[in-house]
Amino acid sequence: MGPTGVGKSSFIHNSVPPDLRAEVKVGHGLQSETSQVQPISWDTEDGARIKVVDTPGFDDSRAGVTDTDVLKMIAEFLIKQYKGKESRLTGLIYVHRISDTRVGGTSHRNLRMFQKLCGDESLKNVVIVTTMWDKVTTEEGKQREQELMSSDNLFRPLLDKGATMMRHDRTPESATNVINYLLKKEPTKPQIVREIADQKKALEDTAAGAELHSEIRELLRKHKEEMETLKAEMRDMMRKELAEERDRMDRVMAKLLKELDDLKRGLSLCVLLVTDPPPVYEPTSDFPAPETKCVVHCSKLLRLVKYYEASLAHAHPDVPISVASCTIHFADAVERSVNGIGYRSSTLKSVLASEDTYSLQQFMKVDPYPRTFTHGTWAKARHDMEIVINDIEAILSTYRKPGFADRFRNGKGIKRFGALNAILESTKEVATDMATMVDWWTPITDAIGNVEDAAQHKRGGTSFPDSTVMVSLTRIIRALDAYCEAYTRCPEDLHEAALGISL
Ligand SMILES: Nc1nc2c(ncn2[C@@H]2O[C@H](COP(=O)(O)OP(=O)(O)OP(=O)(O)O)[C@@H](O)[C@H]2O)c(=O)[nH]1
Ligand SMILES: [Mg+2]
């Protein structure tokens, strides 16, 4: 990569075996030559296949191919290669003219785009190749090279993070030198591929896309300013000239707006989908009805606590208090989860009725509630019960020490021991029920996750991803409703059972 006319194609011309040189077109004159991403490959003697890829530079003054086109071509090429899996990217080359006395805006722009496409992690696979050494004296060249290497807004940040700088003197030897250096590198995945293929970002949301987006916006802003100036000058100029100038500006503006629109439209779906077919989506089977034993067992536990409260009051007042408060906290958490799930279930119903992927995506994005919250409610309740169980077990172990029976001849200790054991057993029963409910939620949260993936995959589309997704969604909603119904009385029942316990 690199700006127009720096010698990218010439470099490739020098890298390929002699019989392929005719295929590499080197520019003549000032016009930019390369307007496509052009791979060229050959087999080495030891059986490896090398593929070198020429790219057009980012250059907003070029006619026909916009910078957005260039970005799309590069991104699509990299993603196809990555998904094709037979290619491994070992090197990225940025070409710069050592003969440039000053580094202009286009060079900075190209360098910025290059950095955003690569990302820091791939910089160790980067070589900055300097060309046109025959146009400078050795002294000049060396001095400029030093400047380029040490300047904070040029190559220094790249070199600091693992990039290398190498000279190319227009000979096959120096080009081969660069290629061989890169072939030894561990393959890398550039940032744009990570963003689009792995993180499923839209082109305009990638680092490179965002960079281009803000540049186009900046150009538009400048243009609007120029238009304003033009309007002011209109009064002094002849009409014809003005009209021509205004037409020219209108054309530029239209081009920029179209480019912005193009960028927003992203990569062609065929690249994203044809090479990466959506996973076959299997609808989840219907979910079993949620267990309600937990409420029954919790009520029983509270009754036990109430029954034994007086006998434990003197020696172990903490036990009834912690068991009861844990149960009441649980009842409150269930109340919140039932309300939340009820609300989400009705939202999901309207999403399902609309069959609109975007609403589904939005729902999943802004509302991870059913996924995490209710599952978390039960997991936390079970965890709290485990703590209570451990505490009671710790107390009971002191009762089991030798000599215990002698110290409590009057039988009070024996009674307490019995009470603690009964409460412990009942608490364990409740903890087991809670674990069952955690397990009950797991396939449902997984199913929601799968629907979410399917919805994500359908980026850009409007109708629902798949009819099987609708089936799953229906089953999920049914399960959420069944949960609400099963647990809607839980808080009330438990509060009632807890009446009379002095918390
Ligand atoms: N003197 C001199 N000229 C060079 C050198 N490298 C390339 N050129 C010339 O510079 C011009 C542009 O080179 P290309 O290789 O086409 O540049 P490019 O980077 O591929 O340009 P685009 O395809 O337009 O992006 C051509 O006329 C080359 O012959 C060099 O090291 N020294
Ligand atoms: Mg070229």
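Note that ligands are numbered from 1 as they come in the structure, with each ligand's atoms numbered from 1 the same way. On a predicted model such as this, the values are computed, not experimentally measured, just so you know.
Of all the heavy atoms of Arg170, the ones lying under 4.0 Å from any atom of ligand 1 belong exclusively to the side chain. Residue contacts with ligand 1 for Lys135 involve side-chain atoms from C-beta outward but no N, CA, C or O (heavy atoms, distance under 4.0 Å).
The number of heavy atoms from other shown groups lying within 6.0 Å of NZ (Lys189) is above 12.
Using a 4.5 Å cut-off on side-chain heavy atoms (C-beta onward), Gln191 and Thr206 make no contact.
Polar contact check, Trp133 against ligand 1: no nitrogen or oxygen pair lies under 3.5 Å apart. Looking at Pro56 next to ligand 1, no N or O pair under 3.5 Å apart turns up. Of the polar atoms of Ser9, at least one N or O is found under 3.5 Å from an N or O of ligand 1, judged by distance alone. The N/O atoms of Lys25, backbone and side chain alike, include none that comes under 3.5 Å of an N/O atom in ligand 1. Looking at Thr55 next to ligand 1, no N or O pair under 3.5 Å apart turns up.
Listed by chain and number, the residues in a side-chain hydrogen bond (donor to acceptor under 3.5 Å, both in side chains) with Arg217 amount to none (sequence neighbours excluded). Under the salt bridge (Lys or Arg N to Asp or Glu O under 4.0 Å) criterion, Lys135 pairs with no residue at all, not counting sequence neighbours. Contacts of Phe77 classified as ring-ring contact (aromatic ring centres under 6.0 Å, His included), with partners at least two apart in sequence or in another chain: none.
Listed by number with element, the atoms of ligand 1 under 4.0 angstrom from any heavy atom of Asp134 are 1 (N), 2 (C), 30 (C), 31 (O), 32 (N).
Closer than 2.8 Å to the Mg ion (ligand 2) sit the protein N, O or S atoms Ser9 OG, Thr34 OG1.
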Quick one: do Glu226 and Lys222 satisfy salt bridge (Lys or Arg N to Asp or Glu O under 4.0 Å)? Show the steps, please.
-> CA-CA 6 Å; Glu226 276 178 41; Lys222 276 196 191 144; over 6 Å; no
Step by step, would you call His168 with Ser174 a side-chain hydrogen bond (donor to acceptor under 3.5 Å, both in side chains)?
-> CA-CA 5 Å; His168 171 57; Ser174 78; 2.7 Å; yes
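For the 3.5 Å distance criterion, the side chains of Thr66 and Asp69 qualify, holding a donor opposite an acceptor. Defined by atom type and a distance below 3.5 Å, a donor-acceptor pair is missing between the side-chain atoms of Gln38 and Lys25.
The shortest separation from a heavy atom of Gly5 to ligand 1 is under 4.0 Å, placing the residue in contact.
The distance between the ring centers of Tyr483 and Trp441 falls below 6.0 angstrom.
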